[in-house]
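Below: the structure, in structure tokens.
Side chains included, hydrogens not; waters and symmetry mates left out as well; all remaining heavy atoms used. Below, chains carry the letters A, B, ... as their sequence lines are ordered, and counting in each starts from 1. For clarity, every value in this text was computed on a predicted model and none was experimentally measured.
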2 protein chains.
Amino acid sequence: MPEPLDPDMFAGCPPVGGPVRIGDKWTAKIIRCLESGPRRFTELQVPLRGITPKVLTASLRAMERDGLLTRTAYDEIPPRVEYALTDLGRSLIEPMNAGCAWSRAHLAELTRARASWQAG
Amino acid sequence: MPEPLDPDMFAGCPPVGGPVRIGDKWTAKIIRCLESGPRRFTELQVPLRGITPKVLTASLRAMERDGLLTRTAYDEIPPRVEYALTDLGRSLIEPMNAGCAWSRAHLAELTRARASWQAG
DNA sequence: CCGTATCCTGAGAGATACTG
DNA sequence: CAGTATCTCTCAGGATACGG
């Protein structure tokens with residue numbers, strides 16, 4: 001493969017931190033939480049161990065802005081807000097599963113690689 | 001979907017920054033660069049616009065440690081070093097393609113969502 | 001050619017406290 | 001219940017310069 005690399009081979013690629021921040025700490029997990037149906041703010045906080053309300057709010061707002069989920073506030077007392085995946089958000093589940101499948105298939109191999117690196 | 005979320009639903013999931021840092025700024029692109037065959041340090045710097053040697057070195061070392069690629073130094077003058085994907089590294093291409101396919105399919109939709117957010 | 005050595009910056013993330 | 005308001009911190013990433 002002696003062909004030189006195209007200097008512009010990433011020209012069409014969105015920059016990291018561009019269109020969708022699926023690679024951040026929480027986005028993928030939030031999608032998983034909403035996979036089974038709409039959830040409320042506090043409900044999300046439970047599996048998202050220790051996420052602070054500020055960070056959860058920021059994550060949800062970003063995802064809402066990107067059209068991955070919807071926020072619905074009901075005018076009740078006490079307040080009730082529900083977050084639900086859009087079709088767009090739901091469409092991310094497939095590629096996410098591809099990544100998870102890779103992890104399951106190769107995690108052992110990876111752990112071995114790290115171990116033998118430590119060894120020498 | 002009134003079933004409560006499992007508080008431990010992410011128990012088995014590796015922490016972000018865990019096993020494989022594919023979500024960082026450079027790892028995926030480096031894999032793309034090596035897809036077509038082994039490459040040298042300076043060769044990688046070309047499409048990786050503006051990556052500094054320090055950062056490229058750090059990325060390559062991390063990937064080597066994880067068994068995603070190999071580093072081969074030839075004892076010549078001037079020095080020659082080649083980086084090549086391992087089978088493990090190559091196996092990441094498939095799930096990466098799944099993500100790229102998603103981008104291609106939904107980028108327009110996403111851009112629309114952002115625009116309408118700005119508008120209203 | 002292939003890196004190392006320093007120094008620096010910013011953004012994501014967390015701790016803590018408070019409110020409609 | 002569902003957030004906001006501050007403050008702080010860490011660390012990936014970058015700028016620059018130098019070395020085998």
Side-chain angles (χ1 to χ4, degrees), chain A residues 2 4-5 10 13-30 33-34 38-66 68-84, chain B residues 2 4-5 10 13-30 33-34 38-66 68-84:
Chain A
L5 289 173
F10 299 119
C13 292
V16 171
V20 166
R21 299 279 298 137
I22 187 75
D24 71 348
K25 190 167 179 181
W26 301 108
T27 301
K29 289 187 176 180
I30 290 173
C33 289
L34 296 178
R39 299 290 177 180
R40 306 174 62 166
F41 192 87
T42 38
E43 220 172 347
L44 292 171
Q45 284 186 298
V46 177
L48 265 28
R49 306 263 153 173
I51 192 175
T52 61
K54 173 197 151 188
V55 172
L56 181 53
T57 301
S59 303
L60 290 169
R61 289 277 194 283
M63 295 173 71
E64 192 190 354
R65 180 198 52 168
D66 288 344
L68 302 183
L69 54 78
T70 58
R71 176 184 185 276
T72 311
Y74 299 91
D75 206 349
E76 305 172 357
I77 290 180
R80 184 165 60 100
V81 177
E82 280 194 345
Y83 295 91
Chain B
L5 290 173
F10 298 119
C13 293
V16 170
V20 167
R21 298 278 299 139
I22 186 75
D24 71 346
K25 190 167 180 181
W26 301 109
T27 302
K29 289 186 176 179
I30 291 173
C33 289
L34 296 178
R39 299 290 177 180
R40 306 175 60 168
F41 193 88
T42 36
E43 221 172 347
L44 292 172
Q45 285 186 297
V46 177
L48 266 27
R49 306 265 156 166
I51 192 175
T52 60
K54 173 198 151 186
V55 171
L56 181 53
T57 301
S59 303
L60 290 169
R61 288 277 195 282
M63 294 172 72
E64 193 191 355
R65 180 197 53 166
D66 288 344
L68 301 183
L69 52 78
T70 58
R71 176 184 185 276
T72 311
Y74 298 91
D75 206 350
E76 305 174 356
I77 290 179
R80 184 163 61 99
V81 177
E82 281 195 342
Y83 295 91

From [atom1] of [X] over to [atom2] of [N], roughly how many Å is that when rounded to an integer?
X	N	atom1	atom2	answer
A:Ile77	C:dT19	CD1	C1'	14 Å
A:Leu56	D:dA5	CG	C1'	17 Å
B:Glu76	C:dC1	CD	C1'	11 Å
A:Asp24	D:dA12	CG	P	16 Å
B:Ile51	C:dG3	CD1	P	13 Å
A:Tyr83	D:dC1	OH	P	14 Å
B:Arg21	D:dG13	CZ	C1'	11 Å
A:Leu60	D:dA2	CG	C1'	11 Å

[X] vs [N]: side-chain N/O to OP1/OP2 distance below 4.0 Å:
X	N	value
B:Arg80	C:dC2	no
A:Thr52	C:dG14	no
A:Arg71	D:dG3	yes
B:Arg40	C:dC2	yes

Practice item. Quick one: label B:Tyr74 by what it contacts on the DNA or RNA (base, sugar-phosphate, nothing), any heavy atom closer than 4.0 Å. Key: nothing
Review point. Taking side chain as C-beta onward, heavy atoms only, is B:Leu5 less than 4.5 Å from A:Arg39?
Key: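 The answer is yes; the side chains approach within 4.5 Å.
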N/O to N/O distances under 3.5 Å, protein versus nucleotides 4-11 of chain C:
unit_1: C:dT4; atom_1: OP1; unit_2: B:Arg61; atom_2: NH2; d: 2.6

